[in-house]
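Below: one structure, written as structure tokens.
Labels below follow one simple rule: chain letters A, B, ... track the order of the sequence lines, proteins then strands, and each chain is numbered from 1.
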Number of protein chains: 2
Amino acid sequence: MSGMTQEQGGLVYNVFTTGCPSRGTLEHVTGRWGGLTLGALHEGPLRFNELRRRINGVSEKMLSQTLSALERDGLVHREAQPTNPPRVDYELTPLGRRVTDRLLTLIHCVEDAMDDVLAAREEYDARQKS
Amino acid sequence: MSGMTQEQGGLVYNVFTTGCPSRGTLEHVTGRWGGLTLGALHEGPLRFNELRRRINGVSEKMLSQTLSALERDGLVHREAQPTNPPRVDYELTPLGRRVTDRLLTLIHCVEDAMDDVLAAREEYDARQKS
DNA sequence: CTGTATCCTTAATGATACTG
DNA sequence: CAGTATCATTAAGGATACAG
């Protein structure tokens with residue numbers, strides 16, 4: 001398979017290589033809506049429309065698409081009750097929780113850095129004008 | 001400013017809110033090329049074309065665009081020698097290193113999970129067929 | 001070598017309407 | 001409620017040429 005190397009009997013995945021499947025999964029996790037979806041589910045299971053309200057700005061279509069990708073990758077579990085009206089709960093799998101923990105650490109790091117980031121932007125923009 | 005709350009005298013940024021500037025920075029960090037660029041620079045300073053060769057698949061245009069955004073956010077420092085031919089080195093700032101450390105932890109977590117992810121996909125696809 | 005500018009193509013997203 | 005389908009729009013990306 002492309003983008004992977006063999007090493008001591010185990011397959012080694014490398015996101016830096018085109019064609020490595022890990023690149024796609026990383027994109028699902030860090031994509032515009034993927035990350036926010038995982039973050040929202042970190043606090044506990046949520047229904048479809050609960051998620052929509054939490055993730056400010058996501059459309060039905062994108063949320064549906066995002067959830068499918070995450071479910072297919074084994075990061076999110078989908079539990080559908082066969083009731084009427086239907087009720088569907090989404091929750092993180094153990095694997096999803098591991099990934100999301102790391103993702104949230106990154107997110108919080110970025111949020112904490114924003115004062116510095118905004119200051120850097122002002123300086124950069126000022127330098128460009130001159 | 002939109003997307004931020006005030007709390008005990010400090011500004012609180014929240015990527016889950018539309019309009020919060022942290023959302024943009026997170027996208028620079030986790031975007032298709034931003035993450036790979038930061039990851040490549042983690043090992044040390046690199047020149048423009050060295051970066052291009054490292055980041056398999058990136059075009060001149062996207063790399064240039066990505067580097068500008070990261071520089072503006074204060075995550076990457078650009079050092080241009082006024083020689084001919086020109087030589088430009090890019091390296092992480094201390095802030096960029098903090099963010100990149102978290103990002104690489106996430107990336108490695110995803111890479112390590114890929115065997116499970118691929119297995120989950122097969123199961124998902126099999127379930128869809130039936 | 002290190003980019004910028006342009007054009008063009010494709011992929012992502014959003015709005016809307018509709019189904020079970 | 002929980003989606004899917006369709007269409008229109010927009011944004012991202014790639015190829016190429018060229019400038020400093």
Side-chain angles (χ1 to χ4, degrees), chain A residues 15-16 18-19 23-37 40-41 45-73 76-91 124-125 127-129, chain B residues 15-16 18-19 23-37 40-41 45-72 76-91 124 127-129:
Chain A
V15 293
F16 286 82
T18 313
R23 198 129 147 180
T25 298
L26 183 65
E27 275 170 28
H28 295 157
V29 170
T30 61
R32 182 145 176 224
W33 304 117
L36 299 175
T37 302
L41 289 175
L46 289 172
R47 303 174 60 175
F48 187 83
N49 279 317
E50 289 174 334
L51 270 169
R52 264 201 79 189
R53 282 187 291 273
R54 280 272 180 135
I55 305 168
N56 211 289
V58 71
S59 66
E60 286 186 352
K61 181 182 157 190
M62 291 317 299
L63 180 57
S64 172
Q65 226 170 74
T66 300
L67 284 167
S68 294
L70 294 175
E71 187 195 355
R72 191 168 103 97
D73 282 352
V76 164
H77 174 71
R78 178 179 182 279
E79 188 78 37
Q81 252 86 32
T83 58
N84 191 307
R87 176 193 175 101
V88 181
D89 286 282
Y90 292 93
E91 65 179 331
Y124 180 95
D125 292 344
R127 234 180 310 125
Q128 298 309 302
K129 264 191 304 201
Chain B
V15 293
F16 285 83
T18 313
R23 199 129 147 181
T25 298
L26 183 66
E27 276 170 27
H28 295 156
V29 170
T30 61
R32 182 147 176 220
W33 303 118
L36 299 175
T37 302
L41 290 174
L46 288 173
R47 301 176 61 176
F48 187 82
N49 278 317
E50 289 174 335
L51 271 169
R52 265 201 80 188
R53 281 186 292 273
R54 282 268 182 136
I55 304 168
N56 210 288
V58 71
S59 66
E60 285 186 354
K61 181 183 157 189
M62 292 317 298
L63 180 57
S64 172
Q65 227 171 72
T66 300
L67 284 167
S68 294
L70 294 175
E71 187 195 354
R72 191 168 104 96
V76 164
H77 175 70
R78 178 179 182 276
E79 187 77 36
Q81 252 85 32
T83 59
N84 191 306
R87 177 195 175 101
V88 181
D89 285 283
Y90 292 92
E91 64 180 331
Y124 180 95
R127 234 179 311 125
Q128 299 308 301
K129 265 190 304 200

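Contact record, B:R47 with B:E50: N-OE1, 2.8 Å, taken as the closest heavy-atom pair. Contact between A:T18 and A:R23 at its shortest, heavy atoms only, is N-NH1, 3.6 Å. In terms of heavy-atom proximity, B:A40 sits nearest to A:F16 at N-CE2, 3.7 Å. The heavy-atom pair separating B:Y90 from B:L41 by the smallest distance is O-CD2, 3.4 Å.
Two residues are said to be in side-chain contact when any heavy atoms from C-beta on lie closer than 4.5 Å; A:L51 and A:L67 meet this criterion. Taking the side chain as every heavy atom from C-beta outward, A:F48 and A:V88 never approach each other to under 4.5 Å. Residues B:L36 and B:R54 form no side-chain contact, since every pair of their non-hydrogen atoms from C-beta on lies 4.5 Å or further apart.
Note on the helix from C:dC1-D:dG20 to C:dG20-D:dC1: angle between the axes of the first and last five pairs equals 50°, rounded to 10 degrees.
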B/S/- along nucleotides 2-15 of chain C (protein heavy atoms under 4.0 Å) is BBB-BB-----BBB

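As rounded to whole Å, 14 Å separates atom P of D:dG3 from atom CG of A:N84. Here the C1' atom of nucleotide D:dG13 and the CD1 atom of B:I55 are 15 Å apart, to the nearest Å. Rounded to a whole Å, the CZ atom of A:R23 is 13 Å from the C1' atom of D:dG13. Computed from coordinates, the A:E79 CD to D:dA2 C1' distance equals 15 Å when rounded to whole Å.
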Report, one line per pair, each donor and acceptor closer than 3.5 Å where one atom sits in a side chain of residues 57-65 of chain A; sequence neighbours left out.
residue: A:S59; atom: OG; partner: A:M62; partner atom: N; Å: 3.2

